[in-house]
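Model, not experiment: these values are computed from the prediction.
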Amino acid sequence: MSFRISIGAALAAATLAWLPQDTAAQQKMVLKATDVHPLGYPTVEAIVRMGAKLEKATSGRISIQMFPSMQLGGEKEMIEQAQVGALQIARISVGPMGPIVDELNVFNMPFVFKDEAQMRKVIDGPIGVEMLDKLSNSSARLIALGWMDAGTRNVYSDRPVTKPADLKGMKIRMMGNPLFVETMNAMGGNGIAMGFNELHQALQSGVVDGAENNEPTLLAQNHYQTPRGKVYSLTGHLIIPEIFVFSKVSWEKLPKADQDLIMKLSREAQLEQRKLWDAYVAEATAKLKAAGIKFVPADKEAFYKATQPVRDKYGAKYSGLIQRIRDTK
């Protein structure tokens, strides 16, 4: 299936699943959900389990049909389709959402969190709720359902990256947000904005010299099998939560009781995904090491200092929010 599908065709197909509200209570409603990752991946599995709970709670009236593995396109296409109601649920990296809701870029800055434990406390607390509300109340035409853990992002390539000088001359794929490109440039490399659906081939062909992501992605997307996925350097430069959203067009067609139920189950999915994530990271790390992937420690302090200009530039107007994050224990 092509990664890029016609929005018009998708919307026409989706219309079949959305009946007028006066008949929705009697008719089965299928919510289309999508993710770039395959079945079994924690973000996908959490939504699949949420769908099972939703179907049980509504006696089969509402269910979720998952389209994993970029079947409906990359994250850009997912956002566009959700905005017009061609799909209902999408799990999106906060990176591409930053240009839509500027405040979310705080989470996208390098080394803004001390570690993953602190990040979880932030998204589970008042700051996390505020950010979800900002997205839902923005012009993005999306309803923010909850957060998901995406671990810590590290650089992978065909050589060790232990200090900024090691990245000199290296083209490293980054998510499509200027902040990330500037982060990699500050780290010493050459940040290349590229869609996730294009990355495997780029690593295989040498269009890029490497990328950066978490251990589960390196494994699940088979990037470790490319020539430029053999060394995983623990730079720890980004700890970015992910977000799952609902099409606002579709949301407004739901009765309030259904909206409340979906919100309740979304909160459960946020916490359940975390348990799935921790187990998957441990499994992915073990499998990668067994496959011969080298895990290399890096000088995080050196990368922290190198990226200070990025935090100064993007964080200046959010100094209060950044301080609240730092104060979160």
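- Atom CD of Gln225 sits about 12.0 Å away from atom CG of Leu203, to the nearest 0.5 Å.
- Separation of atoms CD1 (Ile47) and CG (Leu145) is listed at 7.5 Å; rounding is to 0.5 Å.
- Classification of Arg120 and Asp149 as a salt-bridged pair holds, one side-chain N sitting under 4.0 Å from a carboxylate O.
- Side-chain atoms of Arg324 and Pro126, non-hydrogen and from C-beta on, do get closer than 4.5 Å to each other.
- With 3.5 Å as the limit, one finds no donor-acceptor pair spanning the side chains of Asn105 and Tyr318.
- Using modelled atom types, one side-chain atom of Thr226 and one backbone atom of His223 make a donor-acceptor pair closer than 3.5 Å.
- Exactly one residue among Phe107, Phe244, Trp277 makes a ring-ring contact (aromatic ring centres under 6.0 Å, His included) with Trp147. That residue is Phe107.
- Nearest heavy-atom pair, Leu276 versus Glu45, reported as atom, atom and distance to 0.1 Å: CD1-CG, 3.8 Å.
- With hydrophobic clusters built from ILVMFWY side chains whose heavy atoms lie under 4.5 angstrom apart, Met263 shares a cluster with Met50.
- Considering CG of Asn222 and CD of Gln204, their distance stands at 10.5 Å, rounded to 0.5 Å.
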side-chain contact (heavy atoms from CB on, under 4.5 Å) between Ile172 and Met187, intermediate numbers included: CA-CA 11 Å; Ile172 305 296; Met187 288 173 64; over 6 Å; no
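- Residues Val44 and Val281 fall within the same hydrophobic cluster, defined by Ile, Leu, Val, Met, Phe, Trp and Tyr side chains chained together at heavy-atom separations under 4.5 Å.
- Judged by distance alone, the side chain of Asp166 and the main-chain N or O of Thr162 form a donor-acceptor pair under 3.5 Å.
- Salt-bridge annotation for Asp209 and Lys171: present, with a side-chain N of the basic residue lying under 4.0 Å from a carboxylate O of the acidic one.
- A donor-acceptor contact shorter than 3.5 Å is absent between the side chain of Tyr232 and the backbone of Ile293.
- Distance check, rounded to the nearest 0.5 Å: CD of Glu77 to CG of Leu72 gives 10.0 Å.
- The side chain to side chain contact (heavy atoms under 4.5 Å, CB included) test with Ile239 is passed by exactly one of Arg153, Met119, Lys114: Met119.
- The shortest heavy-atom contact between Ser93 and Met175 is CB-SD, 3.7 Å.
- For the pair Val48/Ile64, no side-chain contact is recorded, criterion being any heavy-atom separation below 4.5 Å from C-beta on.
- Contact annotation: the side chain of Gln83 approaches that of Leu142 to within less than 4.5 Å [non-hydrogen atoms, C-beta and beyond].
- Proximity of Asn108 to Tyr314: side-chain heavy atoms (C-beta onward) are nowhere separated by under 4.5 Å.
- Using a cut-off of 4.0 Å between Lys/Arg side-chain N and Asp/Glu carboxylate O, Lys134 and Glu130 are scored as not salt-bridged.
- Formation of a donor-acceptor pair under 3.5 Å by the Arg311 side chain with backbone atoms of Pro110 is found in this model.
- Using a 4.5 Å cut-off on side-chain heavy atoms (C-beta onward), Tyr224 and Lys287 make no contact.
- The shortest non-hydrogen separation linking Ser136 to Ala144 is OG-N, 2.9 Å.
- Under the 3.5 Å distance criterion, the side-chain polar atoms of Asn214 are matched with a main-chain donor or acceptor of Ala150.
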Full working for side-chain contact (heavy atoms from CB on, under 4.5 Å) between Asn197 and Val36: CA-CA 8 Å; Asn197 51 317; Val36 300; over 6 Å; no
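- Remark: Pro309 pairs with no residue by the side-chain contact (heavy atoms from CB on, under 4.5 Å) rule, at least two apart or across chains.
- Between Asp124 and Lys121, none of the side-chain N atoms (NZ, or NE/NH1/NH2) sits under 4.0 Å from a carboxylate O, so this pair counts as no salt bridge.
- The closest donor-acceptor contact from the side chain of Ser138 to the backbone of Leu135 lies under 3.5 Å.
- The main-chain N or O of Pro160 is never found under 3.5 Å from a side-chain atom of Ser233 such that the two would form a donor-acceptor pair.
- Contact record, Gly73 with Met78: O-CE, 3.5 Å, taken as the closest heavy-atom pair.
- With respect to Glu55 and Lys28, a salt bridge is recorded, a charged nitrogen being found less than 4.0 Å from a carboxylate O.
- Ion pairing of Lys256 with Asp260 is present here, as a side-chain N (NZ or NE/NH1/NH2) and a carboxylate O approach within less than 4.0 Å.
- Between the CD1 atom in Ile243 and the CE atom in Met131 there is a gap of 9.5 Å [rounded to 0.5 Å].
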Full working for side-chain contact (heavy atoms from CB on, under 4.5 Å) between Val106 and Ile127: CA-CA 11 Å; Val106 172; Ile127 295 175; over 6 Å; no
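- Looking at heavy atoms from C-beta onward, Glu212 lies in side-chain contact with Met174 at the 4.5 angstrom threshold.
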side-chain contact (heavy atoms from CB on, under 4.5 Å) between Lys294 and Lys230, worked out: CA-CA 6 Å; Lys294 295 180 180 178; Lys230 302 301 185 184; over 6 Å; no
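- Shortest non-hydrogen contact noted between Ile62 and Thr58 is N-OG1, 3.0 Å.
- No donor-acceptor distance shorter than 3.5 angstrom exists from the side chain of Gln71 to the backbone of Thr34, with no hydrogens or angles considered.
- In this structure, CG on Asn185 lies 12.5 Å from OG1 on Thr307, to the nearest 0.5 angstrom.
- No side-chain heavy atom of Gln81 sits under 4.5 Å from any side-chain heavy atom of Lys32.
- Contact of the Ile79 side chain with the Met97 side chain is registered, since non-hydrogen atoms from C-beta on lie closer than 4.5 Å.
- Looking only at distances, a side-chain donor or acceptor of Ser247 sits under 3.5 Å from a matching main-chain atom of Ala82.
- Classification of the Phe111-Tyr304 ring pair by plane angle, with boundaries at 30° and 60°, yields perpendicular.
- Between Arg91 and Asp35, at least one side-chain N (NZ, or NE/NH1/NH2) sits under 4.0 Å from a carboxylate O, which counts as a salt bridge.
- The shortest heavy-atom contact between His37 and Thr217 is CE1-OG1, 3.5 Å.
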